[in-house]
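Note that ligands are numbered from 1 as they come in the structure, with each ligand's atoms numbered from 1 the same way.
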Amino acid sequence: MTLIADVSLRRILDSRGNGTVEAEVTTDNGGFGRAAAPSGASTGEYEAIELEPSEAIAKARELAVPRLVGEVFAGDQRGVDQALHGADSTDDFSKIGANSAVAISMAAAKAGADTQGIPLYQHLGGAFRGRNFPVPLGNVVGGGEHAADATHIQEFLAAPVGAPSVADAVFANAAVHQEVHDILTERGIAAGKGDEGAWAPSVDDAEAFDIVAEATERVEDEFGFEVRMGLDVAGAELYDNEDGVYSYGDRTRDTAEQIDYIADLVDEYDLVYVEDPLDENDYEAFADLTNQVGEETLICGDDLFVTNTDRLAEGIEQGAANSILIKPNQIGTLTDAFDAIELAVENGYAPVVSHRSGETEDATIAHLAVATDAPFIKTGAVGGERTAKLNELIRIEDNA
Ligand SMILES: C=C(OP(=O)(O)O)C(=O)O
Ligand SMILES: [Mg+2]
């Protein structure tokens, strides 16, 4: 049986050098799963609460572990996640920490899969899962909260929508990342990397568009399939609540100007994906933009929806977007993430499964994306904690 026999928790390192929570779940028949919580830097105001890792671990040991061990089956994901909610008793995991919750939730799923001797995507997706693989969105240039003195827009993404396979797409994104470096070198611009491994040059956003457009064109020619461009604007980080404007260094844009600016960018650069173009509280402005360009591109809510079905339902009601970013740690459990995906798909919203800027080698999101037939996954282009997910996708494609 998959009855949970033990849950152990420890503090491990994440990619930014901060501590995070790792969970290990074992079952009474020897099943084992290990998972770790990621962590955001440009976090949404309405995300579930991440506690300091040692505190999250202490609270989860006290409140959650007794409700799981000998009580719940690891193969019963809703049962596991209900026990976590019951142990926490708040609506934002502020008692045991969303970091403990998500690590336990994902580790239990892996233990459930292990017990059955099947891969995680198969356990989560079941026999009737779709047959598609997600297109990886690769962050190749970035700034915002992820790098100082770089672009105002947080992420310039390569989107190899024409790739015949996941493996081709992954290598195309890595090639765009390399081409960006070559172009920067040709232009005499030095650049380090931001939190997600994207180049973080000290250039204005207009030059970043120019560089990424050229890099994607070169890779399109080399690989022979379509490579488009996407963005994570992280609009809430640019928005000044007091003045009601979006701040790009010396230049500001009011909401109407921001909508026009993004609509123009969609046309000019043929953007396939635009995440958080506007502030996380402005459903109305999101709806205006989606009305204008929603036929041509995905308008995705990250900080807007925070993987939360209540916020997504409000967005659906208002026509605020046509896509939702899915980050399990924003909501605390895999069940909540699945429910958000289900609601999204029922309403024609594309679910895009995503990493966080602070990551570990945990590759659960690769399985989640395949299990749920998500059309896109956002998980960087290079760097060990990013390639952990990308290489897992390649392995899944090989074996599925
Ligand atoms: C991945 C992102 O960054 P963070 O994890 O810092 O929220 C994002 O904003 O989509
Ligand atoms: Mg985002």
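- Scanning both residues, H146 and S42, for their nearest heavy atoms gives NE2-OG, 4.0 Å.
- Within the structure, the ring pair (Phe, Tyr, Trp, His ring centres under 6.0 Å) test picks out the following pairs touching residues 355-378 (sequence neighbours left out): Y121-H367.
- At least one test fails for R228 against the ring of Y273: distance under 6.0 Å to the centre or angle within 45° of the axis.
- A salt bridge (Lys or Arg N to Asp or Glu O under 4.0 Å) check over residues 125-154, counting only residues at least two apart or in different chains, returns nothing.
- Around the Mg ion (ligand 2), the protein N, O or S atoms found under 2.8 Å comprise D232 OD2, E275 OE2, D302 OD2.
- Checking each of D92, N281, D310 against Y46 for a side-chain hydrogen bond (donor to acceptor under 3.5 Å, both in side chains) leaves exactly one that passes, namely N281.
- Two rings, from Y246 and H152, have their centers 6.0 Å or more apart.
- Contacts of ligand 1 (protein heavy-atom distance under 4.0 Å) are G40, A41, S42, H146, Q154, E155, E196, D232, E275, D302, L325, K327, H355, R356, S357, K378.
- Taking the six-membered ring for Trp and the full ring otherwise, the centers of F286 and F305 sit at least 6.0 Å from each other.
- Salt bridge absent: K59 and E55 never bring a charged side-chain N and a carboxylate O closer than 4.0 Å.
- Ion pairing of E361 with R386 is absent here, as no side-chain N (NZ or NE/NH1/NH2) approaches a carboxylate O to less than 4.0 Å.
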